[in-house]
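Note sheet for the following structure.
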Amino acid sequence: MTIYLNHLAMLCALGHDHNSIRQRLFDGVSGVRPDQRYRHGDASALSVGHLLLSDDELSSVAHLPLRERSRNNRIALSALAQIRPQVDLLIERYGAHRIGIVLGTSTSGIGETEAAFQHQLTHGQLPADFHYGQQELGSSATALALTLGTSGPAYVHSSACSSSGKAMASAARLLNMGLCDAVISGGVDSLCRFTVAGFAALDSVSATRCNPLSVNRCGINIGEGAALFIMSKEAAAVTLAGWGESSDAHHISAPDPAGVGATLAITQALQRAGITPQQLDYINLHGTATPHNDAMESKTIHALLDGAATLVSSTKPLTGHTLGAASAIEAALCWLTMQDDNHAGLLPPHLWDGAADPALPALQTVSPGQSLGRPPRHVLSNSFAFGGSNAALVFGRA
């Protein structure tokens, strides 16, 4: 059964509408910039992928119970607003019980908890607008279901950086099992000091724009955003042709250097899509710019393609690493790339210093402005998470 990606809602550091995001994407204009709210060890401002929308411009959560009121949910609802007319038509057509919601996140309302603890230190008590449930990881799916009035399956994956890729695979399964006629699937994550401090403690944060595959790479830029797809069996230009999931069971934060789990996930996705590695036109790398991830992924991709010259790039220097939303946001960038109006087949560029790490096998990175001469037919997007949770998605042109 073919699963289609019918409609996309998206907001990230590149923008909050298709045209502006695509323009900055293909022009190689990074949304990663220094932000005084997040500090490096030497007190300098860290570079992060912050939304271009101000908090005042995000959707309201006043209609939701207190436990569902968070900035993370405001971002999710701001994305939902972009596709709300299409969702309402599906509810009218199929019924509220036939619409599913499956999302990925890693932060939920942790930012609200940070603010509440600071208030308690200053005033001796938690603020009246704080509810412990705001940081419940399932909150974003609940917020969307309450807003839409749907009663189909609604849940969240939280497996770090593979969360929303696994959510999209779950959405496909709901459709294939006949439990839903349409599923809203993707991911949302928001910047907070907790995650920045956590990655900084691992020496995994770059003070400047991240530099994937470079010999000078030194870590990630944290980002935020949301991407929501309407997935269904109704024909559209782009399909979720295949997906694969695996677990390394290797280390709490480092990937298996042999890439066994990554290879398994990619192979499953390709087999489900019914294509060979050589039929891929482009690969969106996980590409975090950390030493271990880039080493594992480049070796895995090179071995999988037997050295073939498939074009690759990491889009994290453009958006920042959006953690639980990363798979969905990178899927969205692939979706934009595969639309009919990308006649030249422009591809997301690989922004880096060009100083390839000689210890890694060479990959064919996309230069700014580089194109295929036609829209891509098959695209692979990788997500490799802490704890060895791997997800690979293959997208196809219908």
Side-chain angles (χ1 to χ4, degrees), residues 11-13 16 31-79 103-143 146 156 158 160-161 163 187-208 219-226 253 319-326 386:
L11 56 158
C12 65
H16 47 271
V32 173
R33 56 188 65 84
D35 191 315
Q36 297 293 334
R37 289 167 290 189
Y38 306 96
R39 298 286 179 165
H40 199 255
D42 62 0
S44 60
L46 275 176
S47 292
V48 298
H50 200 279
L51 291 181
L52 293 180
L53 287 172
S54 70
D55 284 358
D56 289 341
E57 295 174 288
L58 295 175
S59 294
S60 172
V61 288
H63 63 288
L64 296 174
L66 179 57
R67 62 173 290 129
E68 314 303 343
R69 297 179 190 175
S70 66
R71 183 171 178 273
N72 205 60
N73 286 348
R74 293 185 68 193
I75 294 172
L77 292 179
S78 296
L103 306 177
T105 193
S106 68
T107 57
S108 194
I110 291 175
E112 281 63 38
T113 302
E114 291 173 352
F117 284 173
Q118 187 60 53
H119 186 278
Q120 185 179 42
L121 286 173
T122 304
H123 302 283
Q125 60 183 6
L126 293 170
D129 62 352
F130 175 70
H131 190 292
Y132 183 77
Q134 288 167 331
Q135 64 180 24
E136 161 60 37
L137 289 167
S139 179
S140 53
T142 301
L146 289 174
V156 167
S158 188
C161 313
S163 299
V188 55
D189 243 328
S190 47
L191 278 164
C192 59
R193 290 181 175 87
F194 178 83
T195 43
V196 174
F199 278 94
L202 295 171
D203 292 325
S204 295
V205 174
S206 175
T208 56
I220 70 175
N221 308 126
I222 306 292
E224 64 178 358
S253 60
T319 64
H321 188 348
T322 56
L323 305 179
F386 276 9

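Everything numeric here is computed off the predicted structure, so don't read it as measured data.
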**Prompt:** Does the pair E114 and C192 meet the rule for a side chain to side chain contact (heavy atoms under 4.5 Å, CB included), with working shown?
**Reply:** CA-CA 8 Å; E114 291 173 352; C192 59; 3.6 Å; yes
**Request:** Could you please spell out the steps behind the side chain to side chain contact (heavy atoms under 4.5 Å, CB included) verdict for E224 and L323?
**Result:** CA-CA 8 Å; E224 64 178 358; L323 305 179; over 6 Å; no
**Message:** For a side chain to side chain contact (heavy atoms under 4.5 Å, CB included) check, start with the C-alpha distance between H63 and L77, then their side-chain angles and the critical distance, and finish with the verdict.
**Reply:** CA-CA 11 Å; H63 63 288; L77 292 179; 3.8 Å; yes
**Request:** Start with the C-alpha gap between N73 and R69, add the side-chain angles, then the distance that decides, and say whether side chain to side chain contact (heavy atoms under 4.5 Å, CB included) holds.
**Result:** CA-CA 7 Å; N73 286 348; R69 297 179 190 175; over 6 Å; no
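In this structure, CG in N72 is found 10.5 Å from CG in L191, a value given to the nearest 0.5 Å. A distance of 7.5 Å separates OH of Y38 from OG1 of T195, quoted to the nearest 0.5 Å.
With L46 as the partner, the side chain to side chain contact (heavy atoms under 4.5 Å, CB included) test is satisfied by one option alone out of D35, T208, V205: V205.
Across every non-hydrogen atom of L58 and R74, the tightest pair is O-NH2, 3.0 Å. When all heavy atoms are compared, the tightest approach of I75 to S190 is CD1-CB, 3.8 Å. Heavy-atom minimum distance, S70 versus G109: CB-CA, 4.0 Å. The minimum heavy-atom distance linking G219 with S206 is given by the pair O-CB, 3.5 Å. Listed here is the closest heavy atom pair of S47 and A207: OG-O, 3.0 Å. Across all non-hydrogen atoms, the minimal contact from E112 to R71 is OE2-N, 3.0 Å.
Side-chain contact between T322 and C12 is absent, with no heavy-atom pair separated by less than 4.5 Å. When side chains are defined from C-beta on, R193 counts as touching R37, because their heavy atoms get closer than 4.5 Å. Put simply, the side chain of Q134 does not reach to within 4.5 Å of the side chain of V61, judged on heavy atoms. Looking at H16 and L51, their side chains never come closer than 4.5 Å, going by heavy atoms from C-beta outward. The shortest side-chain heavy-atom distance between T113 and F130 falls under the 4.5 Å cut-off.
Side chains of S139 and E136: a donor-acceptor N/O pair is absent below 3.5 angstrom, by distance only. Side chains of D189 and S106: a donor-acceptor N/O pair is present below 3.5 angstrom, by distance only.
Remark: the backbone N or O of S108 is not paired with any side-chain donor or acceptor of Q135 at under 3.5 angstrom.
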